[in-house]
Number of protein chains: 2
Amino acid sequence: MPVRSRQLYEARAKIAKALAHPVRLLLLDALRDKDMCVMEMTKLAGLDQSTVSKHLAILKEAGLVGVQKAGPMSVYSIRCQCLDGFFACLESVLRQNLKEQQALVELES
Amino acid sequence: MPVRSRQLYEARAKIAKALAHPVRLLLLDALRDKDMCVMEMTKLAGLDQSTVSKHLAILKEAGLVGVQKAGPMSVYSIRCQCLDGFFACLESVLRQNLKEQQALVELES
DNA sequence: GGGCTATATTCGCATTCTGTAATATGGCTA
DNA sequence: TAGCCATATTACAGAATGCGAATATAGCCC
């Protein structure tokens, strides 16, 4: 594979990696409803504040969320609309897998 | 976070994780054009056969690709159409990030 | 400035992920 | 059946990731 292509796929993978964690998916999903500060999301996730802060840094680095300072707080917001399609795709695959598993079970019985 | 929700996000994350690697993105992208056997994809990726085989196993486990035996060969194929939207989303975020970086550079000069 | 609050960063440790070499499986053909 | 081919699996080393505790940074109010 040419170096150029490899770099392109690595750039894409960096964004995909940011999406590849249950907590980050939760945070993104929550941010689709409304902007939130770190404390709020820390409660939501039920994890240490430093952990949530790091997850948010990863999302921000990938360009998936934006931050705005409000006094001592950092308010995070969604930065790309296309996530709706991404979540829908995940659901679609999940449903398809479930259907296939059911078909297998019925075959056995 | 309720256990139920956590499990839902973990199921989604499992699929997202399968997407979160440059080589797997390459393979999926290639499979969008045509079905391929392992040897073909091994050449394409320029990696060891065992490595490619493992990446394919991950994609299969996530339900993103399917396999069909053809004699001694395994022919892999895309199993979900919604990947088009996913790739488009990655491109969109990449373009947006690039635009933002350019804006920053212009601000400095 | 001193103390409080909200975030970010660093550190150490456990877990998971990647890639290759070596080995196993399984179909095909002579 | 013996040997060859394509693929899958195992074993293992090195890299990356995830977590919380501790620490650093920075704004705000007295």
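Letters A, B, ... mirror the listed sequences (proteins, then strands); counts begin at 1. These numbers come from a predicted model, not from an experiment.
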- The complete set of disulfide (SG to SG under 2.5 Å) pairs with one or both residues in residues 25-101 of chain B, sequence neighbours excluded, reads A:Cys82-B:Cys89, A:Cys89-B:Cys82
- Message: Which residues pass the side-chain contact (heavy atoms from CB on, under 4.5 Å) test with B:Lys99, not counting sequence neighbours?
- Response: none
Please enumerate all protein N or O atoms sitting under 3.5 Å from an N or O of nucleotides 13-18 of chain C, with distances to 0.1 Å.
{"from": "C:dT18", "atom 1": "OP1", "to": "B:Arg24", "atom 2": "NH2", "distance (Å)": "3.2"}

- Note on the structure: So the ring pair (Phe, Tyr, Trp, His ring centres under 6.0 Å) pairs with at least one residue in residues 57-91 of chain A (sequence neighbours excluded) are A:Phe86-B:Phe86
- Query: Counting just side-chain N and O atoms, does A:Tyr76 come under 4.0 Å of either OP1 or OP2 of C:dA6?
  - Reply: no
- Kindly compute the distance separating OG1 (A:Thr42) from CG (A:Leu47), expressed to the nearest 0.5 Å. 8.0 Å
- Message: Restricting to side chain to side chain donor-acceptor pair (under 3.5 Å), what partner residues turn up for A:His21, sequence neighbours left out?
- Response: none
- Message: Assigning hydrophobic clusters by single linkage (Ile, Leu, Val, Met, Phe, Trp, Tyr; side-chain heavy-atom cutoff under 4.5 Å), is A:Leu26 placed with A:Met39?
- Response: no
- Message: Under 4.0 Å between a side-chain nitrogen and a carboxylate oxygen: does that hold for A:Glu40 and A:Lys34?
- Response: yes
- Message: Please check: side-chain N/O of A:Arg79 versus main-chain N/O of A:Gly63, any donor-acceptor pairing under 3.5 Å?
- Response: yes
- Message: For A:Ser77, give me all partners under side-chain contact (heavy atoms from CB on, under 4.5 Å), at least two apart in sequence or on another chain.
- Response: A:Asp35
- Close approaches to DNA chain C from residues 33-41 of chain A, in residue order (heavy atom, under 4.0 Å): A:Cys37, A:Val38, A:Met39
- Message: Give me each pair satisfying salt bridge (charged side-chain N to carboxylate O under 4.0 Å, His left out) with a member in residues 50-72 of chain A, each pair once, sequence neighbours excluded.
- Response: A:Lys14-A:Glu61
- Taken in chain and number order and not counting sequence neighbours, the residues that satisfy side-chain contact (heavy atoms from CB on, under 4.5 Å) with A:Ala30 are A:Met36, A:Leu44
- Rounded to the nearest Å, what distance is computed from the CG atom of residue A:Leu47 to the P atom of nucleotide C:dT7? 15 Å
- Backbone N/O of B:His55 and side chain of B:Arg24: donor-acceptor pair under 3.5 Å: no
- Task: Return the set of residues passing side chain to side chain donor-acceptor pair (under 3.5 Å) with B:Lys17 (not counting sequence neighbours), or none when no residue passes.
- Result: none
- Task: Produce a footprint string for nucleotides 22-30 of chain C: one letter per nucleotide, 5' end first; B if the base is under 4.0 Å from any protein heavy atom, S if only the sugar-phosphate is, - if neither.
- Result: B-----S--
- Interface limits on DNA chain D, where chain B has a heavy atom under 4.0 Å of a nucleotide atom: D:dA6 to D:dA11
